[in-house]
Number of protein chains: 2
Amino acid sequence: MLASVVVSRALDRDLQRQAGLTLAEHHLLAIVNESDPQGIRPTDLQLLSTLTKSGLTRAVDRLEALGLIASRVCPTDGRGQLLVLTAKGRQKLRRAAPEFFRSVARYFADHLTDRDTETLTVALERVASADRA
Amino acid sequence: MLASVVVSRALDRDLQRQAGLTLAEHHLLAIVNESDPQGIRPTDLQLLSTLTKSGLTRAVDRLEALGLIASRVCPTDGRGQLLVLTAKGRQKLRRAAPEFFRSVARYFADHLTDRDTETLTVALERVASADRA
DNA sequence: ACTAGTTGATTGTATCAGCAACTAAAACCG
DNA sequence: CGGTTTTAGTTGCTGATACAATCAACTAGT
């Protein structure tokens with residue numbers, strides 16, 4: 001817990017200074033970026049994020065207000081949306097990347113051996129998906 | 001990050017239902033409980049907690065209002081305080097313990113092998129203490 | 001089609017947390 | 001000592017988040 005708080009606070013601070021984004025917001029952009037180019041449904045995004053449903057709604061609103069993501073009504077389900085990055089959003093993400101990766105290395109990855117990383121990845125994946133299933 | 005959020009949300013939910021305590025509050029009580037019986041200084045408590053200075057002040061206020069911890073002026077430093085658990089605080093902690101440990105097992109520990117646990121403990125300790133040093 | 005129930009997403013409200021500015025006590029130092 | 005700097009802790013303010021209730025759209029069973 002301490003480790004995750006220390007790391008996420010450091011990343012959050014760096015991102016805010018560098019790109020004006022919260023870690024959570026940056027994470028959302030990153031997930032959207034890596035998902036289906038057609039767009040991702042908020043529900044799916046929520047499962048991959050650290051936010052709850054309502055938290056996600058608000059965060060998406062902010063990102064939309066910043067012009068970083070765009071939404072359109074899902075053609076196959078009138079209740080839902082499809083979220084995609086705007087050009088500006090992709091740019092923001094791309095520009096933030098180098099320093100972000102440096103921060104991740106500095107606060108987290110550099111402190112782990114390759115074996116540590118392997119173990120963490122597998123074990124924490126198991127923990128994270130346990131009660132989401 | 002996802003793992004830590006999933007676990008801490010689950011623990012938080014269980015603790016609030018069971019004992020009316022936030023995970024952060026429970027954590028503070030646990031730290032105070034394990035520290036010097038003479039009391040612990042807020043600054044030291046802060047280093048072991050996931051809160052910042054101001055967050056700690058508020059959390060301590062709440063716990064004091066609940067009668068779970070008590071503070072007195074530090075005899076060797078007029079600016080500081082010494083925090084101790086009250087009898088009520090110790091009782092609260094003791095009563096919450098069995099179910100809390102079950103929750104920890106269920107959401108976290110049970111998903112790890114002994115080797116995982118060993119690796120996590122060592123590696124994350126390193127991460128957590130990196131920029132606190 | 002019509003109703004019942006479910007699911008996707010939003011909103012009202014309350015709380016918690018953090019930053020930055022502040023107060024007060026202690027340590028430092030010429 | 002007297003003045004400056006550092007450290008301990010608090011507070012005003014703001015923003016983010018969660019929970020619970022709500023609204024809207026889909027699905028199914030009749």
Side-chain angles (χ1 to χ4, degrees), chain A residues 1-2 4-17 20-29 32 39-66 69-83, chain B residues 1-2 4-17 20-28 32 39-66 69-83 132:
Chain A
M1 291 299 163
L2 251 172
S4 79
V5 168
V6 166
V7 172
S8 49
R9 269 219 276 266
L11 293 178
D12 200 66
R13 186 172 27 72
D14 287 2
L15 273 173
Q16 296 214 41
R17 195 168 30 68
L21 290 175
T22 294
L23 175 59
E25 290 165 352
H26 179 268
H27 188 197
L28 293 181
L29 294 182
V32 174
I40 185 173
R41 296 286 295 266
T43 300
D44 298 329
L45 183 52
Q46 194 262 316
L47 287 172
L48 296 169
S49 81
T50 59
L51 298 172
T52 58
K53 251 191 325 180
S54 79
L56 182 72
T57 297
R58 262 93 185 212
V60 167
D61 287 349
R62 285 193 302 267
L63 291 172
E64 232 178 315
L66 291 170
I69 68 177
S71 67
R72 60 192 172 97
V73 174
C74 178
T76 66
D77 185 340
R79 293 165 300 184
Q81 299 172 218
L82 282 177
L83 305 172
Chain B
M1 290 300 162
L2 250 173
S4 79
V5 168
V6 166
V7 172
S8 50
R9 270 222 274 268
L11 293 178
D12 201 65
R13 186 171 27 74
D14 287 2
L15 273 172
Q16 295 215 42
R17 196 167 29 68
L21 289 175
T22 292
L23 175 59
E25 290 165 351
H26 178 268
H27 189 197
L28 293 180
V32 175
I40 185 172
R41 296 285 294 266
T43 299
D44 298 328
L45 183 51
Q46 194 261 315
L47 287 174
L48 297 169
S49 82
T50 59
L51 298 171
T52 57
K53 251 194 324 184
S54 78
L56 182 72
T57 297
R58 262 87 184 221
V60 167
D61 288 348
R62 285 194 301 269
L63 291 172
E64 234 178 313
L66 291 170
I69 67 177
S71 67
R72 59 191 173 96
V73 175
C74 178
T76 66
D77 185 340
R79 292 166 301 185
Q81 300 173 214
L82 283 176
L83 305 173
R132 304 217 141 188

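Naming: A, B, ... by sequence-line order, numbering from 1 per chain.
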Can you give me the N/O atom pairs linking the protein to nucleotides 17-24 of chain C at distances under 3.5 Å, or say none if there are none?
residue : atom : partner : partner atom : Å
C/dA17  : OP2  : B/Arg62 : NH2          : 3.1
C/dG18  : OP1  : A/Arg9  : NH1          : 2.1
C/dG18  : OP2  : B/Thr52 : N            : 3.1
C/dG18  : OP2  : B/Thr52 : OG1          : 2.8
C/dG18  : N7   : B/Ser54 : OG           : 3.1
C/dG18  : O6   : B/Arg58 : NH1          : 2.8
C/dC19  : N4   : B/Ser54 : OG           : 3.0

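When the P atom of C/dT7 is taken as reference, atom CG of A/Asp44 falls 15 Å away, rounded to whole Å. Between the C1' atom of C/dA9 and the CG atom of A/Leu45 lies a distance of 13 Å, rounded to the nearest Å. With rounding to whole Å, B/Asp77 atom CG is found 12 Å from C/dC28 atom P. Taking atom CG on A/Asp61 and atom P on C/dG12, their separation rounds to 12 Å, with Å as the unit.
Ion pairing between a basic and an acidic side chain is recognised when a charged N comes within 4.0 Å of a carboxylate O; A/Arg9 and A/Asp12 show no such pairing.
You'll find the side chain of B/Val73 stays beyond 4.5 Å of the side chain of B/Gln81, heavy atoms only.
The minimum heavy-atom distance linking B/Ser8 with B/Leu23 is given by the pair CB-CD2, 3.5 Å. B/Met1 and A/Ser4 get closest at one heavy-atom pair: CE-O, 3.9 Å. Residues A/Arg41 and A/Cys74 approach most closely at NH1-SG, 3.4 Å, considering heavy atoms. Shortest non-hydrogen contact noted between B/Ser49 and A/Leu2 is O-CD2, 3.5 Å.
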Intermediate values then yes/no, side chain to side chain contact (heavy atoms under 4.5 Å, CB included), B/Leu51 and B/Leu28: CA-CA 10 Å; B/Leu51 298 171; B/Leu28 293 180; 4.1 Å; yes
Full working for side chain to side chain contact (heavy atoms under 4.5 Å, CB included) between A/Thr22 and A/Arg62: CA-CA 11 Å; A/Thr22 294; A/Arg62 285 193 302 267; 5.6 Å; no
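The footprint of chain B on DNA chain D, defined by a heavy-atom cutoff below 4.0 Å, extends from D/dT7 to D/dA18.
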